[in-house]
Peer 1: 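Quick one: this structure, given as structure tokens, is what I'll be asking you about.
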Amino acid sequence: MKITGKVWKYGDDVNTDVIFPGKYTYTIKERSEMAKVALEDLDPEFTQKAKAGDIIVAGKNWGCGSSREQAVSCLKERGIGAIIAKSFARIYYRNCFNEGLPIIVSPDAVEAIEAGDEVTVDFDSGKVITARGEFPFPPYPDFVKGLIEDGGLIPHVKKSLGLK
Amino acid sequence: MGKTMIHKIIERSAGREVKVGDRVWCKIDLSTARDFGGANCVLQFQEVTDKKGKVWDPNKIAFTFDLQAPAHSEKVAVNQKIIRDFAREQGIEKVFDVNWGIGQHVLLEHGLVKPGDVILGTDSHMNLLGAVGAFATGVGNTDIVASWFEGTNWFRVPETMKITVTGRFARGVCMRDLLTKIVGDLGADGMFFKAVEFGGETIEAASLADRITLCSMVTEMSGKVGLIMPNGEVLDWLVERAGEEVRDRIKALAPDSDAVYSDDLHFDVDKLEPMASCPDAPDNVKTVREVAGNHVDQVHIGSCSNGRFEDIEAAYKVLEAGGFKVSPKVRTIITPATREVMRKCAAAGYIEKFLDAGIVFTNPTCSLCTAEHYGALPAGDVGVSTTNRNFIGKVGKGSHTYLMSPMSAMATAVRGVITDPRDILG
Amino acid sequence: MGKTFAEKALGRAAGHEVRAGEIVTVEPDFCMSHDNAAPIARTFKKIGVKNVWKPERIVFILDHAVPAPSDDHAINHKEIREFSAEQGIANFFDVTSKGGVCHQVMCEEGFALPGLIMIGSDSHTCTYGAYGAFSTGIGRSEMAAAWATGQIWFKVPESLKVTVTGSFRPGVSAKDLILTLIGDIKADGADYMSVEFHGPAIEAMSIAERMTLCNMGIEMGAKNAVCPPDAKVLEAIRDKAKTDRWEALWADDDAVYAKELTYDAGDIVPCVAKPHTVDNYAAIDEAKGTPIHQAFLGSCTNARIEDLRAAAAILKGKQVAVRTIVIPASWKVYRQCLAEGLIETFLDAGCVITNPGCGPCMGNHEGILAPGETCISTANRNFKGRMGNKESFIYLASPLTVAASALKGEIADPREVL
Amino acid sequence: MEKTILRGRAWVFGDDVDTDLIYHNKYLAETDPKKMPQYSFEYYPGKEHFAKEVKPGDFVVAGTNFGCGSSREHAVYCLKYAGVPVVLAENYSRIYYRNAINNGYPVLFIQGISQAIKDGKIEDGDELEVDLAKGEVKNVTKGTVFHGDAVADLEKDIMAAGGLIEYLKSRAEQ
């Protein structure tokens, strides 16, 4: 699997409240509506302009804060291809796999990549490929690979329970 | 030809003789706005005065925050701030922030309402201040803004309807039931544009809380204001809050013996039963007996109509008779009208008993009167409430509400279905 | 080689010895959800399993917006009512005077117990570590999957050992300690880790204080945070434990830690976390004098009776200078406040005391900020926009500091009013 | 009023149309009148589509006591800014009437229209011709005519000035 897209770059400790504001947790139910407010308190330009296939590159501890899965759903629904960060907050990390949104931990790639770059993530070879160089990243654990391959936790659970 | 109370009030304020149908400019004694409508007033005032305007008299303007207190949406938070900032800038000190309670009640408790006053507010139930003989009326933001220029506004001198009430309420029956009956008899437009004078032995013996209840519902019959002459304990209470001037005011307020009324109605409460406004209109009235047993999901006691200490006490007595327990099948919410009322409930030990019974006790606010505060209903749910409107969808699309007295509401909470309080009080 | 708490708790649940780094699949002892039980129920239904695996292990507590402040919220609550009735979930705390903030209720009602594996669809589920539980927050999909399968996977975490000696000086409390710790190690300082609190200062703390510490474990990225299940805990759970599956587990003295830190409680001073991150530490001397528009005493972090007593002692007989919103953590706490006369104290001081719930903490309910406003809060997050508006500012502090600031209308040092 | 004869479609409502049906309390926090039309009649059963489908020039037709309930001026703005040129009802609740006048927003008192609505003599989509000066409403579709009263007295002057604020301004200038 390969994903190529334009980069939106952010700093350290971007929390779930700016990715998906808490005030919307019970007023917005539809995923398509979630996508419309993604990152609105951090980067209104992203909210207006981000396109399917774009890639988010961020510093350490992306997604710290709440357990709200909408902070992943809104980006997944927006069509974000992948998030590359120096590190991810714990619950956010799990939520990404559960939603089937690919994430890559690569501090070196984050250092090198600039906003607006075009970047390719090659999952098969485990590399982030940019005009500024190539950065390998470790493969996902087998367990997690299964989740991604099945398209997220819910389809994975259905499959493992033999349900359609 | 004699004059009614409203004529005397308007003449005092307009400084000239008036007759029914006249359009007159009156001096405003107090111009108020809430967190609802208040920001609209401020923004409109700033727009029409190019942000340079000064209000005519900062001492005669008040703001109250009650619709959504504390704010739970960004827009309301912003609106409240717009008001606070404006008040500071204009030197308006009477800002009763989110910690006070329902506007009219807070104004009353602070002695800011005197018999004979002309008062405006962005609250259609402003006219409940007629309970102490003030002509208070709900208006839109334009009317408030207009009053801020020179402290005046226009009114049409209304006809006056006279309602005389006699008799004593039976156990389990109260002023709210009388009112519900009147709404049912007269209909949603039964007091169209009129002022109403309430009198008779039952009214003269009534508490301030009961007088407020009665006057608050004049709005639901499209009346302009319901007026009651303060007397007895109510007068003492008022003097204590608003000063000795009140005594002179009421002398000038009393209707002439030959005053002319458009209607002269009489109600006797001796045989009155607990009444209910059924879904989805205040004038869809039946006895509680007729709808007893009907399904209910939520019971709410509070609002400017029935959120005073006496109302909560009446509900408490029913809860006591019911064994201090509400049915787990319903959610029960009590909202006191003001901080003073809440303080009294705490001191009386009522709140503890309510909590023990499973009841949610909130801070003072308008609460369930909109779908934007405590107790909004989901589609399909049925509520019982002591508020003043049960318009379709008012507290949640697809929900339905019965309006009743605090006693009937609590009886319903105890049994989990609509219940006549006499069945519990015995 | 000894074991950490996490290795013991996850090993016990997995039924075999485990070490940090291993992935295990375990059955949770309790699954907690709040108002988000409704969207989780919708996801659960998509899986296609008819019944939840064990209804008695699922707990629903409405707290984010109660009573419902809009018909959207009301519909959400109704879905939960219907789902719990349909699935036989008896542990359902609806809009009555029996509930409160979910984490407080989980602890008060005897769900939080030593050695249990507890998951919650709320990031502050880590609070139950104060009772010696292994507890952690997860997302909605994962909770739906757990209801369906009765299983959840964990990577056994590495552990951070925080030892606290000495004792707090007057005006200083557990909140100041945890804000200091997070300020030191930063928002990702314990990412994925299990944080263990050790030492005489922890043992001297009330369970309420330990809950404040563990509650904020997530703010340094931790998977869970835990205090020793000592005699105080055993006493607290006596007669109310919801199950006998619990076991008091604690780390061995020779356990292996990824990191160890030591604090002397006597060195801690009153402090705040400045906007817009929890690790933006400032000692009170640096922050005091900052004008505020609102003070908030509430949340799962600091609204227990001990917190409210401390605040009331400062407010008694005085008037607040800014709007001050007091939200007890639960109806039990509210009831206790009534019994002790604290409700009267708060009312007389000019505060708003609302019904228990999360209040303005996450921008959903009572006390949302307007642009340009500043709030000092006892809650756990000061993220941009957290209290409903992205142009507002939140300072986090202890109940003592919040109360002192409410009186002054600016951030104030509680030691000056004590 | 420049144009006294108006033509447009009717949107027909019943008696006692309260302010929550015209403009629900859920949206009270809105302060920009131009944003209010999007919520018009959202809670009126069967008329949820009004806000989306109303066209400038369409008329709101109703029975007695139109606008009863709240003091919210939003309930006038939401129709005014949707381009509804005039409300045609049997009569109006007190506060709604004031709010309309104060905004220079025409309301006509149409005799017998409440009963006509009940009898199906005026229905959604009927083409109406309204003569504001004469206070006459012709139902072109059904060939019936209704007579109404325009406002008089002080209200007429306020209306003519364009609303209460404009009226006060012009009075101050004099």
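A note on names: the letters A, B, ... follow the listed sequences, proteins ahead of strands, and every chain is numbered from 1.
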Peer 1: Top residue by heavy-atom pair count (under 4.5 Å) with chain D, among B/G223, B/G37, B/S73, B/G138?
Peer 2: B/G138
Peer 1: Looking only at heavy atoms, which two atoms of B/E372 and D/N25 are closest? And how far apart?
Peer 2: CG-O, 3.9 Å
Peer 1: Quick one: sort the D/H74 and B/F36 rings into parallel, tilted or perpendicular, breaks at 30° and 60°.
Peer 2: tilted
Peer 1: Quick check: closest heavy atoms across B/V76 and D/A29, and the distance to 0.1 Å?
Peer 2: CG2-CB, 3.7 Å
Peer 1: Spell out the residues in residues 42-57 of chain D that have some non-hydrogen atom less than 4.5 Å away from a non-hydrogen atom of chain B, in order of number; otherwise answer 'none'.
Peer 2: D/E42, D/Y43, D/P45
Peer 1: Please list, one pair per line, the donor and acceptor atoms closer than 3.5 Å that link side chains of residues 128-135 of chain D to other protein atoms, with sequence neighbours excluded.
Peer 2:
{"unit_1": "D/E129", "atom_1": "OE1", "unit_2": "D/R7", "atom_2": "NH1", "d": "2.7"}
{"unit_1": "D/D131", "atom_1": "OD1", "unit_2": "D/A133", "atom_2": "N", "d": "3.1"}
{"unit_1": "D/D131", "atom_1": "OD1", "unit_2": "D/K134", "atom_2": "N", "d": "3.1"}

Peer 1: Heavy atoms only: give me the nearest D/N99-B/V139 pair and the separation to one decimal.
Peer 2: OD1-C, 4.2 Å
Peer 1: Can you tell me if B/N40 and D/Y77 form a side-chain donor-acceptor pair at under 3.5 Å?
Peer 2: no
Peer 1: Can you give me the closest heavy-atom contact between D/N65 and B/S222, atom names plus distance?
Peer 2: OD1-OG, 2.8 Å
Peer 1: Just checking, is any N or O donor in the side chain of D/R72 or B/T122 under 3.5 Å from an acceptor N or O on the other one?
Peer 2: no
Peer 1: Report the option among B/D123, B/T137, B/N141, B/N79 that has the most heavy-atom pairs separated by less than 4.5 Å from atoms of chain D.
Peer 2: B/N141
Peer 1: Which pair of non-hydrogen atoms, one from D/L168 and one from B/A146, has the smallest distance, and what is that distance?
Peer 2: CD1-CB, 3.4 Å
Peer 1: Indicate yes or no: does B/D143 engage D/R98 in a salt bridge with an N to O separation below 4.0 Å.
Peer 2: yes
Peer 1: Return the minimal non-hydrogen interatomic distance between B/S124 and D/G69, and the atom names on each side.
Peer 2: CB-O, 3.2 Å
Peer 1: Pick from B/W154, B/F391, B/F149: which one has the most heavy-atom pairs with chain D under 4.5 Å?
Peer 2: B/W154
